[in-house]
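One structure is given below, encoded as structure tokens.
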There are 2 protein chains.
Amino acid sequence: MQNMLTVDEAASWLLSRADAVTETETVSLLEAGGRVLAVPVVATLDVPPHDNSAMDGYALRVADFGQPLPVSQRIPAGHVPDALQSGSVARIFTGAPIPSGADAVVMQEQCEVQEDGRVTIQKAPVAGQNIRRAGEDIANGQTVLAAGQRLSTADIGLLASLGIAEVAVVRPLRVAVFFTGDELVEPGQPLGPGQIYNSNRYWLVPALMQLGCEVSDLGIIPDELQATREALRDAADFADVIMTCGGVSVGEEDHVKAAVEAEGALNLWKIAIKPGKPLASGKIGSADFIGLPGNPVSGFVTFAVLVKAFLQRRAGVADAAGTTTVRYPAAFDWGRPDAKRVEFLRVRRVVRDGQTVLERYPNQGSGVLTSCAWADGLVRLAPGQAVAAGDQLDFIALEF
Amino acid sequence: MQNMLTVDEAASWLLSRADAVTETETVSLLEAGGRVLAVPVVATLDVPPHDNSAMDGYALRVADFGQPLPVSQRIPAGHVPDALQSGSVARIFTGAPIPSGADAVVMQEQCEVQEDGRVTIQKAPVAGQNIRRAGEDIANGQTVLAAGQRLSTADIGLLASLGIAEVAVVRPLRVAVFFTGDELVEPGQPLGPGQIYNSNRYWLVPALMQLGCEVSDLGIIPDELQATREALRDAADFADVIMTCGGVSVGEEDHVKAAVEAEGALNLWKIAIKPGKPLASGKIGSADFIGLPGNPVSGFVTFAVLVKAFLQRRAGVADAAGTTTVRYPAAFDWGRPDAKRVEFLRVRRVVRDGQTVLERYPNQGSGVLTSCAWADGLVRLAPGQAVAAGDQLDFIALEF
């Protein structure tokens with residue numbers, strides 16, 4: 001089957017067929033960074049758990065202001081205060097609980113301790129000042145994080161502040177990768193005539209790990225039908241997704257296409273994308289098959305704009321499609337738009353005259369992997385869209 | 001010693017004292033993601049190594065255009081072609097070497113194969129078309145990546161394309177962390193009156209790991225002088241940097257301050273930063289000591305805007321200070337600027353009317369860790385700087 005699809009059609013098709021992993025596992029908080037929450041997290045306590053002082057200073061009743069006041073107690077953080085005696089202040093430190101009866105904290109810089117130990121407040125306090133209220137951050141019963149959210153560093157801290165020691169997360173997505181092709185040589189080996197180094201393995205494996213996948217790297221599989229079929233069968237036994245690069249466009253000289261068709265089902269697409277075009281999507285048993293274009297820049301861009309979202313949704317991420325697009329003005333012209341294909345230029349953000357603008361890598365050739373290493377993102381151009389400096393462009397950060 | 005510093009003074013002071021780790025180690029390419037290059041990488045070959053076809057199609061001499069041409073050879077990728085016979089075309093596939101004598105490739109969609117096997121080219125070719133030149137991506141001898149660069153996913157692919165199988169990187173920065181404080185309870189334990197959960201450990205450890213540090217997490221150390229001194233001494237034996245949260249501002253009730261002073265040297269700073277203020281910097285033997293403020297939001301922000309760059313420089317990253325500031329217009333008003341301190345608001349990027357703008361978290365209180373989990377960045381406001389919707393603001397992405 002040979003289809004011609006737009007980028008958006010291919011993206012929707014892939015996302016709609018990304019069945020999220022449903023198996024979950026429980027991990028301790030320090031292992032949970034980057035993992036995908038399997039269930040929503042609901043607070044079972046107030047954070048902070050008690051009214052507390054935002055300052056080092058003195059807690060008092062506002063009504064007592066106007067005369068020097070004796071210090072009736074001292075409340076460090078973590079201590080349980082007594083009720084505040086009328087006509088007195090409590091020495092209090094940041095984070096310490098507010099004693100009952102007190103309705104304000106005055107910072108120590110606005111207080112003067114007299115020789116007899118009594119404290120003069122220099123400025124009239126306002127009820128509630130410098131008091132952090134119980135539940136100000138999080139209220140008991142509040143849903144704090146949603147299922148399907150990938151846990152950030154700050155999320156982990158937030159869960160800890162709720163006393164949560166372990167969380168239910170989706171088990172990692174298992175991705176098997178392999179590479180075929182007579183012309184491919186592994187780095188470190190000498191390069192024969194006509195050969196090139198297998199660079200795809202070296203950006204694809206780290207990219208998958210960055211996304212939190214459990215990667216089985218099968219390396220280079222001999223370019224023979226039987227070996228390729230066996231590799232696919234073995235991989236389909238344990239992997240959720242099997243990926244490869246190259247060998248799946250029309251007229252290419254290898255056995256991946258035939259092997260996938262023999263072991264399962266294959267869609268060979270031409271996508272109206274530049275750089276890029278061929279993309280294979282299929283099924284071997286219960287495993288998905290994704291064949292990226294063999295050209296490293298095409299593969300990298302196709303991964304960034306189509307496959308990454310598929311893998312994230314497959315791994316249980318709820319907003320995998322991404323809802324926030326960021327736009328910046330171009331600091332370049334681009335007078336050679338592709339008439340029929342959506343084009344993704346490799347760009348970098350820089351500040352000029354106090355404004356963030358986009359520069360493009362000079363050579364946008366599909367053979368120039370340097371453009372991807374140089375770039376911090378891609379801009380998406382519609383078919384036929386030329387760019388003049390100042391145009392606002394959609395920016396996709398390269399975050400893998 | 002008690003100093004009052006601006007944010008920029010503190011940042012410069014820290015960076016100027018960040019002695020980069022000089023020990024290096026050699027790692028294989030698939031282990032090199034996120035590591036810091038110890039030496040520049042210079043290409044020892046052209047990439048691509050030979051002129052090759054950017055298309056599936058037919059290679060020919062432009063001068064032969066105008067008549068049906070026989071196919072004299074077939075060149076898949078990885079094969080070594082013969083010189084092109086005059087008056088013929090070569091069937092060629094993407095990535096395959098251009099045969100000597102050929103000066104253009106015509107894509108197969110613009111060719112017609114006749115019954116006798118000869119090929120008619122439908123459109124006059126231009127010399128050089130669809131040929132990727134040897135060295136177009138990288139020229140032999142070119143410096144590809146600089147020392148002190150943290151290796152991205154695309155960088156690893158680029159190194160592979162040069163045939164490089166292993167790279168010299170700076171050994172990871174060793175960071176020991178510990179926590180003290182009577183009021184701290186570990187998540188999973190019941191919370192007594194006046195106590196709070198130790199959330200700092202749970203954002204700090206993942207943040208350090210995200211930056212590539214080798215973290216020794218010593219957990220909660222009993223709040224006693226002798227125990228704290230011993231922990232510091234032990235940590236100084238192996239760690240490059242020792243970090244803790246809290247216990248180092250004026251009037252706080254614990255032994256960290258006294259212990260650091262007894263074992264080494266300590267600077268207690270008040271920094272004109274909001275949220276934040278206290279920051280401790282010191283030295284224990286050859287190890288650096290960094291004491292973040294104990295309030296989680298203050299600690300998180302201080303880490304993001306001051307300590308992260310120090311750690312990166314210490315880990316060998318050349319451009320740790322960061323050169324690219326990104327600016328976006330505010331979609332909010334902020335009428336309560338701090339008169340004396342630089343303020344960092346927790347914000348998120350959203351697209352409104354086709355433009356990326358910043359929203360702020362409603363509650364910017366320093367006790368509200370939810371603001372950090374919600375945010376994807378911080379904006380920096382000068383002392384006294386109010387914000388009106390539309391103002392361009394400096395944005396610092398939260399990337400750890």
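Reminder, nothing fancy here: chain letters follow the sequence lines and each chain counts from 1. These numbers come from a predicted model, not from an experiment.
- By number of non-hydrogen pairs under 4.5 angstrom with chain B, the leading residue of A:Gln195, A:His50, A:Glu166 is A:His50.
- Geometrically, A:Arg327 does not engage A:Phe395 in a cation-pi contact, judged by NZ or CZ lying under 6.0 Å from the ring centre and within 45° of the ring axis.
- For A:Asn200, no part lies under 4.5 angstrom from a heavy atom of chain B.
- With a threshold of 4.5 angstrom between heavy atoms, B:Pro193 approaches chain A through its backbone and through its side chain.
- Aromatic ring centres of B:Tyr202 and B:Tyr197: separated by at least 6.0 Å.
- Contact of A:Leu369 with chain B is made through backbone and side chain together, with heavy-atom distances under 4.5 Å.
- In terms of non-hydrogen atom pairs under 4.5 Å with chain B, the most contact-rich of A:Asn295, A:Ile138, A:Val297 is A:Asn295.
- Closest approach of A:Arg346 to A:Trp374, counting heavy atoms only: O-CZ3, 4.0 Å.
- In terms of heavy-atom pairs under 4.5 Å with chain B, the best-connected choice from A:Ala165, A:Pro81, A:Pro48 is A:Ala165.
- Listed options B:Leu398, B:Asp155, B:Leu151 were ranked by heavy-atom pairs under 4.5 angstrom with chain A; first place goes to B:Asp155.
- Contacts between B:Arg348 and chain A at a heavy-atom distance below 4.5 Å are absent for every atom of the residue.
- Among all heavy-atom pairs drawn from B:Leu204 and B:Cys245, the shortest one is CD2-SG, 4.0 Å.
- Looking at A:Leu45, the atoms closer than 4.5 Å to chain B (heavy atoms on both sides) all sit in the side chain, from C-beta outward.
- With hydrogens and angles ignored, the 3.5 Å screen pairs no side-chain donor or acceptor of A:Asn363 with any backbone N or O of B:Asp137.
- With a 4.5 angstrom heavy-atom cutoff, A:Phe400 touches chain B via backbone and side-chain atoms both.
- Interface remark: of the candidates A:Gly365, A:Gly188, A:Gly33, A:Gly34, A:Gly188 forms the most heavy-atom pairs closer than 4.5 Å to chain B.
- When heavy atoms are compared at a cutoff of 4.5 Å, B:Ala54 does not approach chain A at all.
- When A:Leu29, A:Ile75, A:Leu30 are compared by the number of non-hydrogen pairs under 4.5 Å with chain B, A:Leu30 comes out ahead.
- Heavy-atom distances place the side chain of A:Pro97, and not its backbone, under 4.5 Å from chain B.
- Comparing B:Ala207, B:Pro187, B:Pro296 by how many heavy-atom pairs each has under 4.5 Å with chain A, the most go to B:Pro187.
- Put simply, of A:Gly95, A:Ser161, A:Ala375, A:Gly192, the one with the most heavy-atom pairs under 4.5 Å next to chain B is A:Ser161.
- In terms of heavy-atom pairs under 4.5 angstrom with chain A, the leader among B:Ser152, B:Gly163, B:Ala154 is B:Gly163.
- With a threshold of 4.5 angstrom between heavy atoms, B:Ile164 approaches chain A through N, CA, C or O but not through any side-chain atom.
- Ion pair A:Glu109/B:Lys270 flagged as a salt bridge, since at least one NZ, NE, NH1 or NH2 atom sits closer than 4.0 Å to an Asp/Glu carboxylate oxygen.
- The part of A:Asp217 that comes within reach of chain B is its side chain, from C-beta onward, which places non-hydrogen atoms under 4.5 angstrom from that chain.
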